[in-house]
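Order of the sequence lines sets the chain letters (A, B, ...), proteins ahead of strands, with each chain counted from 1.
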4 protein chains.
Amino acid sequence: MSQKELGVALIGTGFMGKCHAMAWRNVAAVFSGAHPRLEILADATEDAANAFASQFGFARATARWEEAVTDPKVDVVSITAPNGLHRPMAEAALKAGKHVWLEKPMALTLADAEAMAATAAAHPGQMTMLGYNYLRNPAFQAARDMIRNGEIGEPLAFRGVYDEDYSADPLLPWSWRMTHEGGGLGALGDLGCHLVSQMLALMGPVTQVIAQTQIAIPARPSREGAKAVENEDSAMALLRFASGAHGSFATSRVARGRKCRLQWEAHGTNGTIIFDQENMNELWVHRAGEAGFVRHLSGPAQPDYAAFCPAPGHNFGFNEQKVIEARDLLTAIAGGPNVGPDFADGLEIERIIHAMAASNGTPVRIGGQ
Amino acid sequence: MSQKELGVALIGTGFMGKCHAMAWRNVAAVFSGAHPRLEILADATEDAANAFASQFGFARATARWEEAVTDPKVDVVSITAPNGLHRPMAEAALKAGKHVWLEKPMALTLADAEAMAATAAAHPGQMTMLGYNYLRNPAFQAARDMIRNGEIGEPLAFRGVYDEDYSADPLLPWSWRMTHEGGGLGALGDLGCHLVSQMLALMGPVTQVIAQTQIAIPARPSREGAKAVENEDSAMALLRFASGAHGSFATSRVARGRKCRLQWEAHGTNGTIIFDQENMNELWVHRAGEAGFVRHLSGPAQPDYAAFCPAPGHNFGFNEQKVIEARDLLTAIAGGPNVGPDFADGLEIERIIHAMAASNGTPVRIGGQ
Amino acid sequence: MSQKELGVALIGTGFMGKCHAMAWRNVAAVFSGAHPRLEILADATEDAANAFASQFGFARATARWEEAVTDPKVDVVSITAPNGLHRPMAEAALKAGKHVWLEKPMALTLADAEAMAATAAAHPGQMTMLGYNYLRNPAFQAARDMIRNGEIGEPLAFRGVYDEDYSADPLLPWSWRMTHEGGGLGALGDLGCHLVSQMLALMGPVTQVIAQTQIAIPARPSREGAKAVENEDSAMALLRFASGAHGSFATSRVARGRKCRLQWEAHGTNGTIIFDQENMNELWVHRAGEAGFVRHLSGPAQPDYAAFCPAPGHNFGFNEQKVIEARDLLTAIAGGPNVGPDFADGLEIERIIHAMAASNGTPVRIGGQ
Amino acid sequence: MSQKELGVALIGTGFMGKCHAMAWRNVAAVFSGAHPRLEILADATEDAANAFASQFGFARATARWEEAVTDPKVDVVSITAPNGLHRPMAEAALKAGKHVWLEKPMALTLADAEAMAATAAAHPGQMTMLGYNYLRNPAFQAARDMIRNGEIGEPLAFRGVYDEDYSADPLLPWSWRMTHEGGGLGALGDLGCHLVSQMLALMGPVTQVIAQTQIAIPARPSREGAKAVENEDSAMALLRFASGAHGSFATSRVARGRKCRLQWEAHGTNGTIIFDQENMNELWVHRAGEAGFVRHLSGPAQPDYAAFCPAPGHNFGFNEQKVIEARDLLTAIAGGPNVGPDFADGLEIERIIHAMAASNGTPVRIGGQ
């Protein structure tokens with residue numbers, strides 16, 4: 001697919017902002033194709049915007065994101081700003097005729113996500129892509145392909161968790177991230193949505209969830225005294241899939257010692273696959289007839305690994321997932337397949353996590369599947 | 001506690017029968033105390049009974065279990081016969097004045113379990129003990145003690161699975177074990193009850209379960225053609241504990257590649273403990289302030305390990321769990337503490353797995369806790 | 001092979017004494033055959049001997065080991081006394097017409113080992129067996145068989161270590177075990193000999209060693225002030241095998257955090273096998289064509305595992321190795337194959353570790369291979 | 001340190017060529033500082049050079065490396081060409097006044113390495129850097145710092161291996177890489193030198209080596225029939241360090257199943273550190289008083305990890321090591337510390353691997369330490 005040069009705007013320069021910048025800088029070097037033009041970078045202040053534009057190699061800087069999303073030399077906008085800004089930024093970019101690469105979660109409320117999906121649907125020539133970067137890991141892709149190719153037989157069960165411990169310390173001060181208005185769904189919105197994105201890719205559509213949530217640390221210190229935490233620290237769910245498989249799901253932001261424990265196992269009639277993002281270059285696979293679980297180390301037999309390194313076992317990294325995501329977006333923009341998740345796919349993810357948040361121990365049907 | 005010599009009857013000579021025999025032979029050598037007299041062994045036929053009595057070192061043999069449970073020289077009866085015989089054997093033994101050591105699951109139906117617990121309660125001077133051997137693992141005991149001593153803070157969450165793959169092959173012929181009448185609850189009754197026993201020991205009483213089950217392979221070959229499987233191959237559940245913690249639970253007998261995957265993690269406000277029976281000599285513990293998870297290899301700092309081996313890291317074995325179980329029963333018989341699970345405790349376990357089997361996605365309250 | 005009942009004497013009641021006792025008590029229950037008669041137990045004092053005879057179930061007790069080894073009702077003697085007594089006890093037992101089961105290391109000096117092997121050779125009808133228990137692990141046996149059956153192709157390389165940390169603390173007081181006279185070779189004699197026993201079983205005869213040793217902590221506290229450590233804390237060696245393979249070897253008693261790290265890997269032209277005694281129920285095997293290393297969990301496909309447990313993944317234990325060792329000795333006594341290591345085999349092990357101790361960086365040829 | 005913009009030439013576009021290109025593109029984005037100008041790329045043919053210059057974003061292309069190393073707009077030259085060209089390219093670049101970033105191994109012969117080190121010494125204002133990328137792994141740096149800070153006490157022992165299996169297949173055809181003239185030292189030159197680079201950084205200078213080598217597959221198929229392999233497939237060594245510690249060393253290119261097994265353990269009087277590059281984001285550390293080995297997952301407490309990702313456990317990748325290496329070179333060029341390994345350091349590495357190749361079981365003293 002021939003690719004014309006594209007102008008890029010980047011909003012935000014934190015964890016994910018830098019990750020997008022690295023991806024934009026290297027996507028053509030890794031996968032070939034035209035090098036994106038790094039046109040304009042938006043950050044909260046002029047000084048920050050100037051400093052990061054220089055560091056990341058963007059031509060211009062602005063403290064007004066509205067300027068970045070409407071800039072005529074910009075074709076595609078990377079949005080890595082706080083979640084509460086996702087909707088206005090994405091909608092403004094779409095209305096200005098831009099393609100949009102948006103970090104997850106899509107929005108703070110289901111209503112926002114629905115509106116955004118509608119806006120995207122109204123601009124069918126513009127691509128949207130959500131930053132579910134773990135889907136790009138070559139090991140994950142290999143697992144997904146094994147399942148789709150029937151290597152573990154008919155799907156029977158899924159068990160997944162995504163645990164971190166960034167909120168585990170009870171002395172961690174209260175913040176707006178712990179409110180519904182500022183932080184949306186808590187662990188489900190921050191971590192759980194990643195697990196849902198992988199689950200859907202591996203197991204297909206979900207038809208029912210039953211969930212329960214927990215606020216592990218109900219109040220946290222602030223300058224005005226202890227304040228209530230509103231969104232869940234932890235959630236667990238049972239799942240039914242359209243395929244007939246069933247599943248369990250758990251996420252926590254208060255799981256002491258876990259750093260990026262996005263871990264799942266998929267059971268089929270003929271085999272089992274196990275994965276843990278903390279060891280993101282390994283799959284553990286057992287198929288009937290094998291003597292036990294086999295450690296599959298990532299290597300160049302996985303095409304998207306090969307683009308980075310011709311030698312197996314050399315360790316693909318977290319940030320390189322984002323380069324693949326950029327490539328996937330560029331492919332879609334150039335008229336190739338859109339592997340998603342786009343805003344329509346993202347809305348499905350949001351519906352599932354919001355159903356979990358609302359279930360309170362009762363079954364909730366999902367979608368019209 | 002001084003222990004008088006006890007006469008032992010053993011019913012059954014399969015997997016668990018041999019395990020009981022080894023335990024009875026070595027319990028005094030390991031822990032000191034009087035050596036049990038191996039009085040009489042019952043098996044299905046005279047020939048088998050004679051052969052195994054000779055092999056296991058029992059003085060006499062019988063093909064009539066009723067004879068064994070009423071023998072005047074017998075004080076304690078080990079019951080390792082098929083599950084459908086648990087109730088008549090245990091009740092006969094109790095009524096004959098014997099102590100009873102019974103393999104799990106307690107019974108095939110909740111009604112049977114209730115009756116057995118009532119019979120045991122009517123014979124308060126006779127001890128009952130259920131064969132939840134994994135509770136005796138020194139590593140498990142260490143984990144339980146850490147939690148009770150507050151080393152991981154307030155309990156927040158439990159995640160447990162018990163998976164094996166002994167029924168995973170779809171060509172495995174149909175058997176009476178796959179019926180309600182012959183096999184009771186399936187994976188929940190065979191495997192899940194072990195996980196419940198550990199969960200209760202670690203987390204305290206359960207107040208609510210929501211569960212869903214799956215028959216993964218609905219029909220299996222038999223000489224009369226394909227026949228239906230009646231009991232579940234797999235079950236998953238959400239849990240609420242009296243402590244306020246919540247939990248997830250899963251068990252499967254069709255999990256390809258899993259052999260004895262009795263695995264759980266307990267989350268507290270101050271730490272996390274992880275265990276997997278396939279590596280039964282390891283605990284993985286993280287407490288706030290530690291740089292990561294710490295591998296605790298079993299060793300003589302665990303008293304029941306020390307009785308077997310003074311050197312750490314040398315690997316306590318599955319069968320040795322049963323020696324500790326024998327010691328626990330002998331201690332109770334001698335008037336010491338009864339650490340259980342006795343029939344009353346076993347009934348609590350049965351209530352939970354039967355609630356799971358019946359839940360079908362709706363919450364079921366447990367007990368009066 | 002029919003086995004007549006044998007009378008057993010046990011000398012020593014520490015770590016290995018108790019392990020022998022448990023093995024003698026259960027060997028017939030596990031493998032069938034006549035139950036050994038536990039005739040007489042010898043310990044350092046009358047009181048200890050009486051107490052342990054009662055605990056372990058021996059008929060009589062003595063504080064004079066000479067009495068045990070000459071007792072007319074005794075057929076086989078288990079020797080688990082301090083190493084310096086191995087030679088006189090074993091020779092007395094052999095001269096009294098007994099079979100001998102002796103703990104490793106065979107002796108403190110090479111001269112002693114040579115004399116003992118000569119005495120054994122002079123009593124060809126009496127069996128000798130050395131307590132290299134790790135050879136009996138079903139996982140180890142499976143690895144050895146894989147290599148012998150050519151499953152990893154032609155042998156290329158061996159890399160082995162045996163590390164523990166029981167002497168790692170510099171404040172650990174000086175003891176006679178740290179002298180040549182009392183403790184022989186140090187880590188090589190205590191740990192390294194186990195690794196040599198496995199190496200020979202896996203790779204065949206050694207033709208050359210080059211080694212260097214280290215006294216990590218040259219002086220240790222005693223009541224008389226700091227005293228010198230004479231024997232090595234650590235040794236490393238290069239090896240050549242008769243097969244053409246080469247190898248590396250290391251052992252340490254000062255390896256912080258290691259508890260029973262008897263770990264090796266065997267490389268062949270067609271595959272690799274990895275083992276670590278700290279996880280003694282696992283082999284890691286890779287053969288050409290497999291996607292990676294495969295975790296082989298021990299299970300009943302290994303015959304000596306099956307005798308203890310019909311279910312895979314349930315964890316064979318350290319002490320159960322000794323039951324297999326007892327079975328191997330009883331088989332040899334009954335006229336079956338003597339799988340060893342007997343005193344002749346033990347002498348070969350001693351020659352290798354003494355060659356390592358003496359090498360000081362220069363090549364030493366081994367034997368006449 | 002303020003950094004002026006530098007012009008970059010890149011020679012070679014294979015595995016390491018692409019890795020350098022990615023590093024040059026992202027070093028300023030990650031660490032801030034001036035963005036290097038990608039001036040000119042040299043490859044074997046015009047077409048390849050043009051294609052890769054476009055892909056990697058270099059301004060110009062050439063099929064004549066001599067042109068690249070003398071280009072007046074070039075300040076620094078990345079050399080990733082076949083090893084036999086390292087000396088002429090590096091010397092030409094140095095003589096043209098350029099800084100040099102050279103892939104390992106430094107050269108095919110010790111004489112070449114000595115000449116190169118002399119040339120570098122004659123141009124003291126120009127920096128040299130060798131591509132020992134594994135030294136840049138934040139986990140490795142953390143381990144090295146722990147040792148230097150005394151966290152494991154006095155160093156006692158080092159055990160290291162670097163195994164891969166790229167030559168394990170006996171049917172792999174003969175190539176010039178298997179000759180002394182074309183391939184230099186074989187596994188020692190390709191893999192072993194990396195392990196030496198880490199060993200020196202962790203343990204300090206080596207004073208003696210004793211080594212033995214093996215050609216596992218003496219002849220390989222070629223169009224002209226079987227041809228002899230000249231350089232070693234595998235080597236093993238014993239080491240003495242200036243500190244008094246001792247060590248073992250092994251490397252193989254025929255170790256079935258190993259992909260990037262650069263694995264070592266460092267023993268100190270107070271602790272042990274274990275590392276394996278196949279899981280390059282983990283250190284396993286045990287210090288006296290800890291309950292066992294602790295899994296240290298890489299995270300932002302390691303400064304060079306933090307530059308890439310603020311979240312722990314997210315997996316730093318192989319290629320990102322090279323970005324750190326670029327930063328280290330740029331720091332040295334800007335007048336900051338030169339952390340090496342420069343050509344003088346590289347010569348020390350070469351002396352050790354050539355000593356190993358020549359030892360043939362006899363001790364070889366290293367350097368004047």
ask   = For A:Ala288, does its backbone N or O pair with a side-chain atom of B:Arg256 as donor and acceptor, under 3.5 Å?
value =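 Not a single qualifying donor-acceptor pair exists.
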ask   = Rounded to the nearest 0.5 Å, how far does CE of B:Met236 lie from CD1 of A:Ile210?
value =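 Here the interatomic distance stands at 12.0 Å.
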request  = May I have the step-by-step check of side-chain contact (heavy atoms from CB on, under 4.5 Å) for B:Val161 and A:Arg159, ending in yes or no?
outcome  = CA-CA 10 Å; B:Val161 303; A:Arg159 313 249 185 84; 3.5 Å; yes
Counting only non-hydrogen atoms closer than 4.5 Å, does [X] touch chain B with its backbone (N, CA, C, O), its side chain (CB onward), both, or neither?
{"X": "A:Thr362", "answer": "neither"}
{"X": "A:Ala168", "answer": "backbone"}
{"X": "A:Asp233", "answer": "neither"}
{"X": "A:Glu265", "answer": "side chain"}
{"X": "A:Leu239", "answer": "backbone"}
{"X": "A:Ala211", "answer": "backbone"}

task = Assess whether side-chain contact (heavy atoms from CB on, under 4.5 Å) is satisfied between A:Gln212 and B:Ser248, documenting all intermediate values.
result = CA-CA 10 Å; A:Gln212 61 190 22; B:Ser248 72; over 6 Å; no
Top contributor to chain A interface from [options] [non-hydrogen pairs under 4.5 Å]:
{"options": "B:Arg287, B:His286, B:Glu290", "answer": "B:His286"}
{"options": "B:Ala291, B:Ala157, B:Gly247, B:Gly292", "answer": "B:Gly247"}
{"options": "B:Asp165, B:Thr213, B:Ile152, B:Asp169", "answer": "B:Thr213"}
{"options": "B:Leu156, B:Asn270, B:Asp163, B:Leu238", "answer": "B:Leu238"}

task = Take atom CZ of B:Arg177 as the centre, draw a 6.0 Å sphere, and report whether it contains more than 12 heavy atoms from other residues, nucleotides or ligands.
result =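 Atom CZ in B:Arg177 is not crowded, with 12 or fewer foreign heavy atoms closer than 6.0 Å.
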message = If you count every heavy atom of other residues, nucleotides or ligands that lies below 6.0 Å from A:Asn360 atom CG, does the total exceed 12?
response =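 No - once you tally the heavy atoms of other residues, nucleotides and ligands closer than 6.0 Å, there are 12 at most.
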inquiry  = Any heavy-atom pair between the side chains of A:Val254 and B:His267 that's under 4.5 Å?
reply    =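 B:His267 vs A:Val254: side chains apart.
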ask   = Just wondering, do B:Phe293 and A:Arg258 contact through their side chains at under 4.5 Å, heavy atoms?
value =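 The answer is yes, as the side chains (C-beta and beyond) meet within the 4.5 Å cut-off.
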query = When only pairs under 4.5 Å are counted, which of A:Lys259, A:Arg240, A:Gln208, A:Glu154 shares the most heavy-atom pairs with chain B?
reply =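 Among A:Lys259, A:Arg240, A:Gln208, A:Glu154, the one with the most close pairs to chain B is A:Arg240.
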key: Minimum heavy-atom distance between B:Pro363 and A:Gly361, given as atom pair plus value   =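 Closest heavy-atom pair between B:Pro363 and A:Gly361: CG-O, 3.5 Å.
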